[in-house]
2 protein chains.
Amino acid sequence: MGVTNKLVRTDDGASVGCLAVNEAVALFRDKWTLLCLGALSKADGPLRYHALQAAVGGISQRMLTLTLKNLERNGLVTRTLFASVPPRVDYALTPIGRSLGAPMKALLHWSLENHEAMERARRAYV
Amino acid sequence: MGVTNKLVRTDDGASVGCLAVNEAVALFRDKWTLLCLGALSKADGPLRYHALQAAVGGISQRMLTLTLKNLERNGLVTRTLFASVPPRVDYALTPIGRSLGAPMKALLHWSLENHEAMERARRAYV
DNA sequence: CAGGATCCGCACAGATACTG
DNA sequence: CAGTATCTGTGCGGATCCTG
């Protein structure tokens with residue numbers, strides 16, 4: 001509601017419901033979310049905490065924990081805790097999390113197609 | 001190069017070249033870029049500085065200027081200055097800028113499809 | 001009209017140390 | 001092993017005032 005109004009009224013083909021897109025982008029606006037999702041996607045199965053940290057590469061424990069908590073909160077990953085000693089926690093993508101792969105692929109395509117042109121533009125820029 | 005290696009080696013279907021996508025997302029990771037692009041897209045033609053500010057809605061002069069400068073630098077919008085008094089500046093999308101509409105549409109679709117489910121997940125979250 | 005300059009607050013993110 | 005706690009810094013963004 002409220003937002004939905006602006007979503008659906010994507011007046012013409014060019015306009016694209018920017019508010020909704022912006023809201024969607026807000027989900028992975030931070031530095032690590034996409035990298036975590038990517039690592040889980042590549043693994044194609046659950047990953048444990050430290051395996052995930054290694055797969056992402058360069059992420060601190062704090063940031064990994066925060067990022068995962070956020071993803072779990074939004075229903076993009078599941079966290080399953082095994083009551084064992086030492087403890088074990090598995091993270092995996094939910095169907096929603098997996099479904100993000102499609103739009104990301106579109107973005108990847110766009111990036112590949114326009115990356116060079118943008119690089120040139122940057123160089124040409126005064 | 002360097003990046004490209006990691007781009008192309010999108011090992012399987014699921015993995016999606018996350019580093020490249022993350023780099024692409026960095027272009028509009030900030031609060032206003034997508035909204036500016038959306039305003040220009042809706043206008044379907046050049047917009048003057050203050051018209052753009054009104055179209056975006058809620059953006060400060062500082063942020064508008066910074067955002068536009070960045071977009072110009074990356075070759076997504078053009079800035080044409082008319083040497084008149086009072087001055088007049090037109091902003092318009094470049095082909096690259098327009099081409100971003102396609103992946104954004106994919107993202108919009110995804111958002112529309114999963115928005116509710118995520119909302120439910122958030123409510124269910126302890 | 002279209003900005004530039006400046007000051008400030010705050011959320012995001014990094015590093016380190018500690019714990020059930 | 002899988003976190004939590006704390007401190008700290010920095011870049012984004014807002015508000016206000018000034019100018020060619």
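Every chain is numbered from 1, with letters handed out A, B, ... down the list of sequences.
- Heavy atoms of B/Thr65 sit under 4.0 angstrom from primed sugar atoms or phosphate atoms, though from no base atom.
- Using a 4.0 Å heavy-atom distance criterion, A/Tyr91 is classed as a sugar-phosphate-only contact.
- Within 4.0 Å (heavy atoms only), B/Arg62 reaches at least one base atom of the nucleic acid.
- Salt-bridge annotation for A/Lys42 and A/Asp44: absent, with no side-chain N of the basic residue lying under 4.0 Å from a carboxylate O of the acidic one.
- The side chain of B/His50 places an N or O atom within less than 4.0 Å of a non-bridging phosphate oxygen (OP1 or OP2) of C/dA2.
- Using a 4.0 Å heavy-atom distance criterion, A/Arg79 is classed as a sugar-phosphate-only contact.
- No continuous path of hydrophobic side-chain contacts links B/Phe82 to B/Val85 [ILVMFWY only; heavy atoms under 4.5 Å].
- One can place CZ of B/Arg48 at 13 Å from C1' of C/dG3, the figure rounded to the nearest angstrom.
- Along DNA chain C, the nucleotide nearest to B/Gln61 and the one nearest to A/Ile59 differ in position, and the one closer to the 5' end is contacted by B/Gln61.
- Ion pair A/Glu72/A/Lys69 not flagged as a salt bridge, since none of the NZ, NE, NH1 or NH2 atoms sits closer than 4.0 Å to an Asp/Glu carboxylate oxygen.
- When rounded to the nearest whole Å, the span between CG of B/Asp90 and P of C/dG3 equals 10 Å.
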**Request:** Check step by step if side-chain contact (heavy atoms from CB on, under 4.5 Å) holds for B/Glu23 and A/Leu34.
**Result:** CA-CA 10 Å; B/Glu23 187 192 358; A/Leu34 275 181; over 6 Å; no

**Request:** Step by step, work out the side-chain contact (heavy atoms from CB on, under 4.5 Å) result for B/Leu100 and B/Ile96.
**Result:** CA-CA 7 Å; B/Leu100 190 58; B/Ile96 304 186; over 6 Å; no

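- One finds a side-chain N or O of A/Lys69 lying less than 4.0 angstrom from the OP1 or OP2 phosphate oxygen of D/dT4.
- Whole-Å rounding puts the A/Leu47 CG to D/dA2 P distance at 11 Å.
- Following rounding to the nearest Å, A/Arg29 (CZ) and D/dG13 (C1') show an atom-to-atom distance of 12 Å.
- Rounded to whole Å, the distance from CG on B/Asn70 to P on D/dG13 is 10 Å.
- With rounding to whole Å, B/Gln53 atom CD is found 13 Å from D/dA15 atom C1'.
- Separating the CG atom of B/Leu27 from the P atom of D/dC12 is a distance of 13 Å, rounded to the nearest angstrom.
- Atom pair B/Leu64:CG and C/dG4:C1' shows a separation of 13 Å (rounding to whole Å applied).
- Residue A/Lys31 places at least one side-chain N or O closer than 4.0 Å to OP1 or OP2 of C/dG14.
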